[in-house]
Amino acid sequence: MSTMTLYHSPASPFVRKVLVLLHETGQTERVALHAVQLTPVAPSADVLHDNPAGKIPALRLADGTVLHDSRVILDYLDSQHVGEPLIPTGGARWRRLTLASLADAVLDAAVLLRYETFLRPEDKRWDQWQAAQQEKIERALAYFESECLAELASRFDIAAIGLACALGYLDFRQPQLGWRERFPGLAAWYADVSQRPSMRDTHPK
Ligand code: GSF
């Protein structure tokens, strides 16, 4: 039976990280999804009730406590299962969290770009700002490609989940980007992890 409620949109890559972790740790049944539609300029009243920032994911626990943002929710849910933690507790912890944070930076830039190109009126758009966000994505992917392939392949944990959801979101929102040609190591890694049921069941829509 579900004891927690997750504010959810099938397009949200930050929500997807939570869904993937739930799947990987066998906790999917514990969480009911509350579907919402929102943008920064059209917030959801339901979400605002539980998160003044108006953002998803937010997770309401059985006792009414609300957790956000995705990092806090992942940390909480990872403390709620008996398997090997997906946020390592030993020496690898800070490195893996830092890689997860870099994956979130890709997502932050990609989501801002989406708002900039989809929501902002054309006459108010700022090319240089868009280019700077795109460069953040490029630099982060170049770093993952050149420095992190073995680390990523070693375990599907918090860092790998974050990057997999980020690459999935780039495919969803920037299909023209062509990142696979420039980052073939990441492309091979992503092709592999995309086969996981947790990734297959949570495709953005
Ligand atoms: C970012 C969540 C976010 O931007 C986290 O949870 O890690 N640091 C936060 N969520 C977007 C939806 S999405 O594209 O995943 C959101 O809620 N946007 C509405 C807004 O007001 O920014």
Side-chain angles (χ1 to χ4, degrees), residues 4-25 27 31-61 65-80 86-87 93-94 96-121 124-126 129-130 132-134 136-137 140-141 144 157-175 177 198-199 201-205:
M4 300 179 265
T5 303
L6 179 69
Y7 287 107
H8 166 270
S9 153
S12 164
F14 292 101
V15 169
R16 189 181 189 193
K17 289 194 302 172
V18 175
L19 297 177
V20 171
L21 182 134
L22 285 169
H23 216 292
E24 292 285 337
T25 59
Q27 298 187 81
V31 175
L33 303 183
H34 178 153
V36 290
Q37 287 189 328
L38 80 183
T39 72
V41 292
S44 147
D46 289 354
V47 174
L48 282 177
H49 180 262
D50 276 333
N51 177 4
K55 295 189 182 195
I56 55 170
L59 181 72
R60 183 151 21 80
L61 309 185
T65 307
V66 177
L67 304 182
H68 53 79
D69 61 2
S70 65
R71 301 178 205 207
V72 177
I73 296 170
L74 291 176
D75 203 344
Y76 173 75
L77 292 172
D78 199 35
S79 75
Q80 298 298 303
L86 295 188
I87 304 174
R93 178 178 179 82
W94 306 114
R96 302 304 282 198
L97 282 173
T98 298
L99 295 182
S101 166
L102 187 60
D104 274 359
V106 171
L107 279 182
D108 286 334
V111 167
L112 289 175
L113 276 168
R114 166 73 179 164
Y115 295 150
E116 184 72 14
T117 49
F118 177 71
L119 284 182
R120 192 185 292 275
K124 295 197 172 68
R125 290 182 195 161
W126 183 9
W129 189 90
Q130 284 187 35
Q133 298 302 327
Q134 202 68 56
K136 284 181 194 286
I137 295 172
L141 296 190
F144 279 119
D157 69 350
I158 191 77
I161 289 172
L163 183 60
C165 291
L167 293 172
Y169 188 70
L170 290 176
D171 281 349
F172 181 53
R173 291 300 191 207
Q174 299 192 24
L177 186 62
S198 62
M199 291 294 292
D201 284 6
T202 57
H203 257 286
K205 307 194 257 267

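Sequential numbering from 1 along the given sequence is applied to the chain's residues. In listed order, ligands and their atoms are each counted from 1.
- Considering backbone and side-chain N/O atoms, D69 comes within less than 3.5 Å of an N/O atom of ligand 1.
- At least one N or O atom of I56 sits closer than 3.5 Å to an N or O atom of ligand 1.
- Under a 3.5 Å cut-off, the side chain of Q174 and the backbone N or O of A110 do not form any donor-acceptor pair.
- No donor-acceptor pair under 3.5 Å is formed between the side chain of R60 and the backbone N or O of L6.
- We find that K55 and D69 are not joined by a salt bridge, their nearest charged nitrogen and carboxylate oxygen being 4.0 Å or further apart.
- By the 4.0 Å heavy-atom criterion, P43 is excluded from the residues contacting ligand 1.
- An N or O contact shorter than 3.5 Å is missing between T39 and ligand 1 by distance.
- Judged purely by atom type and a 3.5 angstrom limit, N51 has no side-chain atom pairing as donor or acceptor with the backbone of A58.
- Nearest protein heavy-atom contact of atom 7 (O) of ligand 1 is S70 OG, 2.6 Å.
- Checking only distances, Y115 does come within under 3.5 Å of ligand 1, N or O to N or O.
- The CG atom of L67 sits 5.5 Å away from atom CG of L59, with the distance rounded to the nearest 0.5 Å.
- The distance from ligand 1 to the heavy atoms of V111 drops below 4.0 Å at these ligand atoms: 14 (O).
- In the vicinity of P13, heavy-atom distances shorter than 4.0 Å reach the ligand 1 atoms 13 (S), 14 (O), 15 (O).
- Looking at D104 next to ligand 1, no N or O pair under 3.5 Å apart turns up.
- Atoms of ligand 1 found under 4.0 Å from any heavy atom of S12, numbered from 1 in the order shown, are 13 (S), 15 (O).
- Nearest to atom 21 (O) of ligand 1 among the protein's heavy atoms is P40 CA, 3.3 Å.
- For D46 and Y7, the side-chain atoms include no donor-acceptor pair closer than 3.5 Å.
- To the nearest 0.5 Å, the span separating CZ on R16 from OG1 on T202 amounts to 3.5 Å.
- Not a single donor-acceptor pair under 3.5 Å links the side chain of D75 to the backbone N or O of D78.
- Less than 4.0 angstrom separates some heavy atom of P57 from each of these atoms of ligand 1: 6 (O).
- For the atom pair CG (L86) and OG (S79), the distance works out to 11.5 Å, reported to the nearest 0.5 Å.
- Protein heavy atom closest to atom 4 (O) of ligand 1, with residue, atom name and distance, is F14 CE1, 3.7 Å.
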